[in-house]
Amino acid sequence: MKKYQEYKQVSYPQIGEDILQFWKENDIFNKSVNNREGKETFTFFEGPPSANGTPGIHHVMARTLKDIFCRYKTLKGFQVKRKGGWDTHGLPVELQVEKELGITKEDIGKSISVEEYNKKCRETVMRFKDEWDDLTEKIGYWVDLDDPYITFEPSYIESLWNLLKRLYEKDLIYKGYTIQPYSPAAGTGLSSHELNQPGCYRDVKDTSITAQFKLKGQENTFILAWTTTPWTLPSNSALAIGENLDYVKVKTFNPYTFDPMIAILAKARMGAYFNPKAKDISLEDFKPGDKLIPFEITEEFKGKDMLGWEYEQLFPINAISLPHPAFTVVSGDYVTTEDGTGIVHLAKAFGADDFRTLVQNNVPGVFVQDEQGNEIPVVDKQGKFLPVVGEYLSSKMKEHGIQAHKEFGPDDFFVKNYTKDDENAAEYKNTDIVISIILKNENKAFKVEKYEHSYPHCWRTDMPILYYPLESWFIKTTAYKDRLVALNKIINWKPEATGTGRFGNWLENLVDWNLSRSRFWGTPLPIWRTEDGSEEICIGSVAELQEEIKKSISKGFMEKSPWDGKEMDLHRPYVDDVILVSPKGEKMFRETDLIDVWFDSGAMPYAQWHYPFENEDIFKANYPADYIAEGVDQTRGWFFTLHAIAGMLFDSVAFKNVIANGLVLDKNGNKMSKRLGNAIDPFKTLKEYGPDALRWYMLSNANPWDNLKFNLEGVADVQRRFFGTLQNTYNFFALYANLDAFVYDSSKSITVPERAELDQWIISKLQSLIAEVEAAMDNYDATKATRAIMNFTVDQLSNWYVRLARKRFWRGDMNADKQAAYETLYECLYSLTQLMSSFAPFYADWLYKSLTASTANSSESVHLTDWVSANDSLINQDLEESMDLAQRTSSLVHSLRKNPKIGIKVRQPLQRIMIPVLQEKTQRQLEHVEELIKSEVNIKAVEYIDDASGVLVKSVKPNLPILGKKLGPKMRFVVAAIKSWGQEEIAEIEQNGQITLDANGETIELLLEEVLISSEDIPGWSVATDEGLTVALDITLTEELKQEGIARDLVNRVQNLRKDMGLEVQDKINIQVARQNELSDAAMQNFARYIQTETQALSLELQDSISGGTVLDMDDFEITVKVEKA
RNA sequence: GGGCCUGUAGCUCAGGUGGUUAGAGCGCUACACUGAUAAUGUAGAGGUCCGUGGUUCGAGUCCACGCAGGCCCA
C-alpha cells in the first residue's frame, strides 16, 4: 500500500470543503482551544459585524487577518479564546425596517407601535446571520459562533448600564448642548443621514453682510467679517482669524455712509472689496457719493498678531452684555482666504465650528435665561428671535424709519422666512434685510449683497434648517484626554501612522462624546429625571431597576412592572413605561434618548462576558486584548470607544496590538459597489479558488493596512505559483517515496551533519525561514511572513533543491544518501505545513495529513501541533553564502552560454570556467559547491585566478559611505581621481595600504579601506559580472567535448523515444545506432557506457545500417537509431 | 476646509539609518528542458522612482510647495 497519497489533480475548493468537514466532525477548533487549558492566554476581541447585510469580499480580508494571529499564537502555546459577536442596534437597521414597511419615523407611535417596530428591528438584524456564519466557516475563520455576544440581549445591555453608571458616578456624564441641524418648521433635529438625502442641499440666494466690528479705543478702525446668515450677528461673541494668514489695515471710506475709516481684513481678500481702478485715487480727493472709493494700505501683519484684540459689541443690547474675553479675536484653524474677509464671525449657538472654537477659548456665547434659569439662545425653537432682540430690532426700525411689508412687533422676527409672508409683497423685508439696513445706517456694514450658495433644507418641510444647540447627553471624555493620549502610546499600531496620526490627532483634539441618539432601536439611556430636571437617577443593573420599580409601585406611580410575568426586555417602549420616584418623592421619567451604538461595541470586552455580574475570572484573564483588527474606518469608531471606556473606567488600554486594515477596492482601484457591478462575490470566489489561495493572495499581495486592489488573476497566480509548486513538490516526493517504500521515521533519521551538503543547505535555509516567519508574525507582519514562505518554497526548495537532488531520488536502490534526501525533503514539507497553517489552514492541514498518514503518533491536525522554533545549530551561514555563490555563478554561466556571440547550449559540455578571487574566503566557499556548479552548468573544471596569477585586471571604486563622511564637499575631486586610476595605483594602495593623491590642488591621503577593489575582467575571455562576482567561460570545443555533447544529445533523444514507447521507469532497453560520421561514431564508442547508464540500456551497438529505425534530429546532422525493450 | 494614507516597469508590489548601474513576481519576447510534464527552468527587453523647488559632494530615500487617488472628520 502506498504510504503517501499521490494526487493526479487537486481541487483546492474541494480541499477546503473536505478539511472543513474534517474539522467539524472532529471538533478540531474546540480541541485547539481546550488543548491549551491552563496555558497563558492570548486575548483577541472580535469587533462585531452587523448581520443585516450580506458579507462582502472585504470581510474575507478582515476576518482572515483576525484569524491568522489567533492560529499562530495557538501553535505557540497560548490559549486563544475567540468569542464571536453581533452588532445589532443602530440607524441602518431602523432605516432598513422603515424601507421594508414603507414607513417613516413619523409613523412610529402612530401607525405602528414602538413595540412592533422594535420587534421588526430585532427580526431584521439577524437576517443574514446564516450567510455570515457560512462565510466565516468557509474561509476558515475560527471564532466561537455557538455562543456569540449579541448587543441587544438583556445581559449585554445590563453590562452597558453598569458601565454608564460607573461613568455617572465619576461625574463623567452630563446633559449639555451640541450644535446640530435643526428644522424649526418641523421642530425636530435632523441626522447627518437625513441631511444627505438627495435634494436637501439647494442653491438659494441669501443676504450676505460684511459687518464692521469697531476696535476698542481706536477711532474709526473696524475689523471686517462676512456672513451669509446676518441673523446670527446679534449672537456674535468673537472673531476668528488664521494665525499664519496675512492681514492689512486699509485706509478708506465706508461705501454707504462715506465716513472715513480704517478696515482690517486679509490681504488676499482685498480684491473682493476694493476696486483696482481706485488704486491711484488719493484719499484726499474722495468726495461722498463717488463711485470709486480710494484705499491705501497702512499696515501689514500676521493673524497671530491680532489675537486678543478687543472690539465693541455689534448690537449693544443691554440684556446681552458678556464678560471678557467676549468680543475678542481668537484663532480658528479652519479660517481661509477663499471667501469673505479672512475673518470669521462666531456665534456660539449657531455653528459647530463656532461652538468648538469658543469653548476652546473660554469665550462665552450669547444666551439669555428662561423662566427656569436655563441658558437659551436668543432664537427660539420656532426659529424666531426672542423679544429681547425683537424689541431692539423693532425700535431700530422705527428709529431709522425702515418701511416693510408689515408692522414688526418684538415677537415678529423669524430669522429665516418661516412665516407665510408673501415674499412678492411690496416692501417685503425679512429679518436678514432688516438687519442689513440697520447696520448700513449705523456705519456698521461695509458691504451687503445677495449671495447664492448651497444651503441644507428639511426633507419634510422643504424649509431651510438652522444649526441650533440641542440638548444631548455627553460623556466627559475631555476630562481624561491626557490619560487617553498617554495610554495610546503603549499601543502597537499597524501601521504606526494610524496610531500617531489619525488616532493620535483625534485624541489631541478630543471633544466630549455625544451619547444621545433620538431613536427607537438601541440601548436606552438608563437615566430617569424629574420633570424640572432637578433630580435624577442613573440605573446600573436590572436588580437596581426592579428595586426602584418596587418603590415606585408602593408610592403609587406605577401599577406594576412592565415585565410582570414577561421576559425582561430592556428596550423601548418597556423602559419608557417605568416611572420612578425621586428622593423628594417626585415622579421621574426616563430620558428618551438611546445611546450611541458605538458605546455598544466599545463595551464588548465587559459586556460579552456579562461583567461584572458574571464571569469575572474569564474577564480578568482576557483583558486587555493582546490583539484586535478592523478596518481603518473604525479609528474613530470602535478603536476609539474601546480605548475611551477602558481608559476612563479601568485606567488601561483595551488592546495592546492593533491592525487597522485598508479597503478592498476593485482591480482598477475603484470602490466596489453592487450598483457598479464591480463587487466580488466571496462565495463565488471561494467556490472557484478555494479559501487558501484567496487568503494567501490577500495577505501576500500588499500590506493589509494598504488598500488592496483585488484582482482575481492575482488569486489564480498565487494558486499556480505557490500552491501549484508546493503540490508538485509533494507529488514528486510521494511518487518516489512510494516506489522506494520510504516512510519517514524521525527516530531513525540520519542526522543533518551526516547528510549531503545540499541537504544541510536546504535545512539551514529552512531554519532561517522559520526564524524569519516567527519574527514577522511576532511583529504582526503577515505579508512579510507569507512572502518569505513563498520564496523558500518556490525558489529554494523546488527550483534549487529538488532540481539538483532529483537524481538522488530516482537513481539506484535505497541507500543512506537517498534516505537523507527523502528525509530532508520530507522535513521541509512537514515544516512548511506548520509555517503556512495560519495563512492557508485548509491546504496546510490537508498536506499535513498526507504527510503524516503513515507516521506513528502524529497529531490529528496541524492546528493541534506545537510550534517548532528554528534550530540555530542547523543554520550554517557559511554554507548559505556558498550556495548563494553557486546560484549566482550558475546564473552567470547560463547568461554567457546564451550570449548570441557564444550560443552554446547547456547540453554541450565545456572545459572550464575561471573565477577571479580576491579573498580566500570566496574561493573556499566556491570550492565547497564546485561539483554542484560543474554539473549545473555542464563544465569540467572551475579554476580560480588569484592575485599571483598576474592576469587579473582590477578595478576600483570609492567606498562612498566612508569617504563621504571623511571628505564632504571634496568628494567629487577624489572620486574623479580614483576613476582615472590604472593598475599601478591600485597596486600601490594595495601594497602600502594608502596612497596620496591630488584633489583640486589639495593633497589627500587615501586608505585602502576607503576604496573597493574588485576584478571584473580577464583579458581575452568572455566574462560576466554580478555584484562583485565575475565568471569567465572557456568556450574552446575539443574533439572530446564535442563527442560528449553528441552523447548527451543522444541520451536526450533516446529518453524521448523511451517515453514515446510508453516504457516504465525501470524498463531496460537495447539500442542500435547507425554509423553517421566520424565524430558521431567516436562519440558512440567513447561514451557508450555513459549512454547506457543514463538510458538504462543493456547494450549499445554501432551498425552500418539499421532497418526500421527512427531518424533523430541532432541539430547539426541526423542519426538513425533503433530502441527495443530488452 | 482639516487630519491621515498612497503614488517606483504594462499590472501587483520590495526598496533599515541618503551612497556608484533602482529590484521581485506576473505579463511580453527568445531559448532550454521533456522521468515533477495540463509541470518546469534560463535569459532578454521594459523605469522622467507623480511634479516643482530646496538641503547635500551625492536624493526613489530628507524638507517645502503642489498634483492625482483614497479614507475619516467638518
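Side chains included, hydrogens not; waters and symmetry mates left out as well; all remaining heavy atoms used. As the structure is a computational prediction, the values presented were derived from the model and not from experiment.
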Side-chain donor/acceptor of A:Thr725 to base of B:A39, under 3.5 Å: no
Side-chain contact, heavy-atom cut-off 4.5 Å: A:Trp638 with A:Trp598? yes
Within this structure, what is the CG-to-P distance between A:Leu1029 and B:U21, rounded to whole angstrom? 21 Å
Looking at A:Arg803 and A:Glu936, is there a salt bridge between them, counting it only when a charged N and a carboxylate O are closer than 4.0 Å? yes
Rounded off to whole Å, could you give me the CG-to-C1' distance for the A:Asn799 and B:G41 pair? 7 Å
Could you check which nucleotide pairs with B:U17 in any of the strands shown, counting Watson-Crick or G-U wobble with both distances under 3.5 Å? none
B:A30 versus B:G46 - spacing of their C1' atoms, nearest Å: 15 Å
For the side chain of A:Val802, counting heavy atoms from C-beta on, which of B:C26, B:A36, B:C73 is nearest? B:A36
Strictly under 4.0 angstrom, non-hydrogen atoms only: write out the protein contact profile of nucleotides 53-58 of chain B, one letter per nucleotide from the 5' end, B, S or -. ----B-
In whole angstrom, what separates A:Ile978's CD1 from B:G19's C1'? 13 Å
If pairing requires Watson-Crick or G-U wobble contacts with both distances under 3.5 Å, which nucleotide is the partner of B:C62? B:G54
Which class fits the ring pair A:Phe640 and A:Trp506: parallel under 30°, tilted 30 to 60°, perpendicular over 60°? perpendicular
When you compare B:C28 with B:G70, how far apart are their C1' atoms, in angstrom units rounded to a whole number? 31 Å
Figure out the CD/P separation between A:Gln719 and B:A39, and round it to whole Å. 13 Å
Which of B:U42, B:A36, B:A74 is nearest the side chain of A:Ser891? It is B:U42
Please encode protein proximity along nucleotides 4-14 of chain B as a string of B, S and -, counting only heavy-atom distances under 4.0 Å. BSS-----SSS
Does the plane of the ring in A:Tyr826 sit parallel, tilted or perpendicular to the ring in A:Phe733? Use 30° and 60° as the thresholds. tilted
Side-chain atoms of A:Asp353 come closest, of B:U20, B:C71, B:A74, to B:A74
Mind checking the P distance from B:A59 to B:C63? Whole angstroms is fine. 15 Å
Separation of A:Arg1058 atom CZ from B:U37 atom P, in whole Å? 16 Å
Sort out the partner of B:G44 for me: Watson-Crick or G-U wobble, both distances under 3.5 Å, none otherwise. B:C28
Counting side-chain heavy atoms from C-beta on, which of B:U20, B:A36, B:C26 comes nearest to A:Asn728? B:A36
When you get a sec, tell me which of B:G25, B:A36, B:C71 is the closest nucleotide to the side chain of A:Thr729? B:A36
In Watson-Crick or G-U wobble terms, with both distances under 3.5 Å, the base opposite B:C4 is B:G70
For A:Phe710 and A:Tyr697, run ring pair (Phe, Tyr, Trp, His ring centres under 6.0 Å): C-alpha distance rounded to whole Å, both residues' side-chain angles, the deciding distance at 0.1 Å, then the answer. CA-CA 9 Å; A:Phe710 187 91; A:Tyr697 164 72; 5.5 Å; yes
Length of the line joining A:Glu508:CD and B:G2:C1', which is rounded to integer Å: 15 Å
Taking atom C1' in both B:C72 and B:C13, compute the distance separating them and give it to the nearest angstrom. 26 Å
With P as the reference atom in both, quote the distance from B:C11 to B:G58 in angstrom, rounded to an integer. 33 Å
Rounded to whole Å, please give me the gap between CG in A:Leu804 and P in B:G41. 13 Å
Does the ring center of A:Trp493 lie less than 6.0 Å from the ring center of A:Phe639? yes
Whole angstrom value for the distance that separates C1' of B:U37 from CZ of A:Phe732: 13 Å
